[in-house]
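No hydrogens, no waters, no symmetry mates; every other heavy atom, side chains included, goes into these values.
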Amino acid sequence: MPDTFNSTTPLIEDEAFLSPGTFSSADDYAANPRFLELQEELRCVLFSAVASLEPSTYTSPAPLQPTEGPQPRPPRQSLDFTRVRSIPKIRLIFYLKNWITECAPYLDKFDESRHFGVHIPILAQGSPALFYAILAFSARQTERKACLDKAYDSLELYQESIRLLAPLLQAKDPNVLVTICILAVMELMSVSPRDWRRHVEGCAALFDLFNVNGLSGGHLQAVFWCYARMELCGAIISNGAESTVLPLDKWIPAMPQASSKEAQEDIIRDLFCEKGHVSADMHANWAVYLCAKTCDLSCRRTRFLELGETSDDTRPFSEQWSRLWEELQYWIEQRPPAMLPIKTTGMGSGQIFPEILFAHWAAISGNQLYHAASIMMLDMRPVERGPPPSKPHFSAIWHARRVCGISLTNPHSGNLINAIQPLYIAGKLLSHHSEHVEVAKLFKIIERTTGWGALWRLKDLERAWGYEPGEISGVI
């Protein structure tokens, strides 16, 4: 693919995988032999199922539509708390409550229908594997938040969910994706982020097998975008070395044959815009897609320059870059009202970062991902395009300060978790000590309030900023 990519900017930076072996509190769990065995067992169960089932012949179940007249009520089912007798029922009930109040909002941040908080617990009444996955996730979040490094309720529950999975997989029920996705998120909460591919590969194979994508509708669509955010996290961590496990053309329904790449991209844009009616949730999901597309462009460029690999997109790199940049600007210009900030302030009077307040959960991460994608795009801006215009959105540091300001102004726990990678991307551009201190405080807040490991990224930033290990993190 001659001329497709240029080599005027750095390739994979030396700090791409600087994260140390110990990431945060309670990380003995990640090295626990039993946990490692269960991880491998889950992988084997998933890939064995994928190999034994027929190739992709399933269609996503349509969302339930209201019908006329009274409908028969399904038989009432009770949640089964008896399968793990080593954990008292009162503690299992606490984990269920914690799922609804603490954990589900993490996963529902792009979903006004609150599928993880409302619909999936109802679905779990008929699926013990899903029920125990919910309890395992909640138990793990509780253990991490309280730094309980010798508590293993989550392992017991994780094991029980895995044990119950095989019959669901053999039944070819797409709802098994809910259970698999929750277990994958739990694993990512617990282990080295450098292993991210191991935790999403099984999910990717099953989403492909069941033809579930980001526009499938209903709870499976919500589950897909939860999975997609894990994919994006991993692609950012790889820093141009890898793209998403599930190819981006599988994130959307099969496309009709288009006359050109640009025409195909227009069709995809219309899918997210819903033919002029843009919902806040779908606009935020579109930001995830565009950010993943940015990572994919970076990866393809790196592979072309370092390995000589070509892709099916034969347009020159500058043309691909320009088109994706235009898509990002279209995203920001077409935001529905709920995606706009309700208050924005500047940086005067000693204020380090701007205040950017959003009323909608999805708006927080959606806008932050736009800024993160813009930073990555500007980092690989083709030199032949000349000096960038003097507009704010062509300034990487402008985007970086807005990434930080969004997290400081909007302390929603789910969005703080989603901010770990954007904050790292933005933080590398900051040069003043006071900015470093504020970002370090943010990482500590994320870990302390959510139970999600974040300090490993702060350690990466300390090195990128030129500090000794612990010089910033150890004093705040």
Side-chain angles (χ1 to χ4, degrees), residues 109-110 112 214 225 228-229 232 236 248 251-252 262 265-298 319-347 353-382 385 388-410 412 415 418-419 421-423 425-426 429:
K109 56 183 174 282
F110 284 21
E112 287 179 346
W225 287 110
R229 294 192 292 271
L232 176 58
I236 292 174
L248 289 174
W251 288 33
I252 53 177
E262 290 81 4
E265 289 164 350
D266 287 342
I267 294 170
I268 294 171
R269 182 190 64 195
D270 290 343
L271 285 174
F272 282 104
C273 287
E274 298 179 355
K275 296 185 172 22
H277 174 69
V278 185
S279 71
D281 289 346
M282 190 50 69
H283 209 73
N285 291 331
W286 188 15
V288 175
Y289 176 83
L290 291 175
C291 200
K293 195 173 177 182
T294 302
C295 293
D296 182 69
L297 179 62
S298 174
E319 187 177 325
Q320 295 182 53
W321 187 95
S322 297
R323 178 68 180 186
L324 183 50
W325 182 258
E326 289 169 5
E327 287 187 78
L328 286 165
Q329 304 323 305
Y330 187 87
W331 184 94
I332 200 76
E333 291 163 4
Q334 297 298 317
R335 287 175 296 174
M339 294 293 288
L340 299 172
I342 59 173
K343 180 187 177 185
T344 303
T345 64
M347 295 168 51
F353 297 116
E355 287 185 320
I356 309 169
L357 179 65
F358 294 98
H360 196 291
W361 290 0
I364 303 168
S365 286
N367 282 276
Q368 198 170 49
L369 288 175
Y370 158 77
H371 291 297
S374 296
I375 294 170
M376 291 188 283
M377 288 290 288
L378 291 168
D379 184 55
M380 55 181 173
R381 188 173 186 270
R385 291 184 59 85
S390 58
K391 297 178 180 178
H393 66 276
F394 277 96
S395 166
I397 192 65
W398 180 81
H399 288 289
R401 290 189 174 121
R402 294 181 86 78
V403 167
C404 300
I406 288 170
S407 281
L408 283 165
T409 316
N410 302 272
H412 178 269
N415 287 286
N418 216 49
Q421 304 312 322
L423 284 170
I425 292 170
L429 300 178

So salt bridge (Lys or Arg N to Asp or Glu O under 4.0 Å) across residues 278-294, not counting sequence neighbours, yields Glu265-Lys293, Lys293-Glu327

Value for CZ (Arg269) from CD (Glu326), rounded to nearest 0.5 Å, stands at 10.0 Å

Salt bridge (Lys or Arg N to Asp or Glu O under 4.0 Å) pairs, two or more places apart, involving residues 393-402: Arg401-Glu435

Check Ile397 against Leu429 and note the closest heavy-atom contact, atom names and distance. CD1-O, 3.5 Å

CG of Asn418 to NZ of Lys109: how many Å apart, nearest 0.5 Å? 4.5 Å

Closest approach of Ala362 to Ala280 (non-hydrogen atoms, all atoms of both residues): CB-O, 4.2 Å

Apply side chain to side chain contact (heavy atoms under 4.5 Å, CB included) to the pair Ser322 and Glu319, showing each step before the final yes or no. CA-CA 5 Å; Ser322 297; Glu319 187 177 325; 5.8 Å; no

Hey, is the main chain of Ala284 close enough, under 3.5 Å, to the side chain of Trp225 for a donor-acceptor pair? no

So among Trp251, Tyr289, Tyr330, which one has a ring-ring contact (aromatic ring centres under 6.0 Å, His included) with Phe272? Tyr289

Of all heavy-atom pairs linking Trp398 and His371, the shortest is CZ3-CE1, 4.0 Å

Partners of His393 by ring-ring contact (aromatic ring centres under 6.0 Å, His included), sequence neighbours excluded? none

Asp379 side, atom CG; Thr294 side, atom OG1 - distance, nearest 0.5 Å: 11.5 Å

So, using side chain to side chain donor-acceptor pair (under 3.5 Å) as the criterion, who are the partners of Ser374 when residues are at least two apart? none

With sequence neighbours excluded, residues passing side chain to side chain donor-acceptor pair (under 3.5 Å) with Glu112: His360

Decide yes or no for Pro392 and His399: does some side-chain heavy atom of the first lie under 4.5 Å from some side-chain heavy atom of the second? no

Centre-to-centre under 6.0 Å for Phe110 and Trp361, is that the case here? no

Please name all residues satisfying side-chain contact (heavy atoms from CB on, under 4.5 Å) with Glu355, sequence neighbours left out, ordered by chain then number. Lys343, Thr345, Gln351, Thr409

For the student: nearest non-hydrogen atoms of Trp321 and Met377, plus distance: NE1-O, 2.8 Å

Could I get the full list of salt bridge (charged side-chain N to carboxylate O under 4.0 Å, His left out) partners for Arg335, not counting sequence neighbours? none

Enter the distance from Ile252:CD1 to Ile267:CD1 here, rounded to the nearest 0.5 Å. 9.0 Å

With a 4.5 Å heavy-atom cut-off, do Leu357 and Pro341 have their side chains touching? no

Go through the structure and list residues passing side-chain contact (heavy atoms from CB on, under 4.5 Å) with Ala426, not counting sequence neighbours. Ile375, Ala400, Val403, Cys404

Here the gap from Ser298 atom OG to Leu324 atom CG, rounded to the nearest 0.5 Å, amounts to 11.0 Å

How close do Cys273 and Trp286 get, heavy atom to heavy atom, and via which atoms? SG-CZ3, 3.5 Å

Taking ring-ring contact (aromatic ring centres under 6.0 Å, His included) as the definition, give me every residue that meets it alongside Phe394, ordered by chain and number, with sequence neighbours left out. Trp325

Can you sort out the partners of Asn415 under side chain to side chain donor-acceptor pair (under 3.5 Å), two or more places apart, ordered by chain and number? Ser365, His412

Can you list the residues that meet the side chain to side chain donor-acceptor pair (under 3.5 Å) rule with Asn410, with sequence neighbours excluded? none

Separation of Leu290 CG from Ile332 CD1 (nearest 0.5 Å): 11.0 Å

Ala372: partners by side-chain contact (heavy atoms from CB on, under 4.5 Å), with sequence neighbours left out: Pro422, Ile425

Of all heavy-atom pairs between Asn367 and Met339, which one has the smallest distance, and what is that distance? ND2-O, 3.0 Å

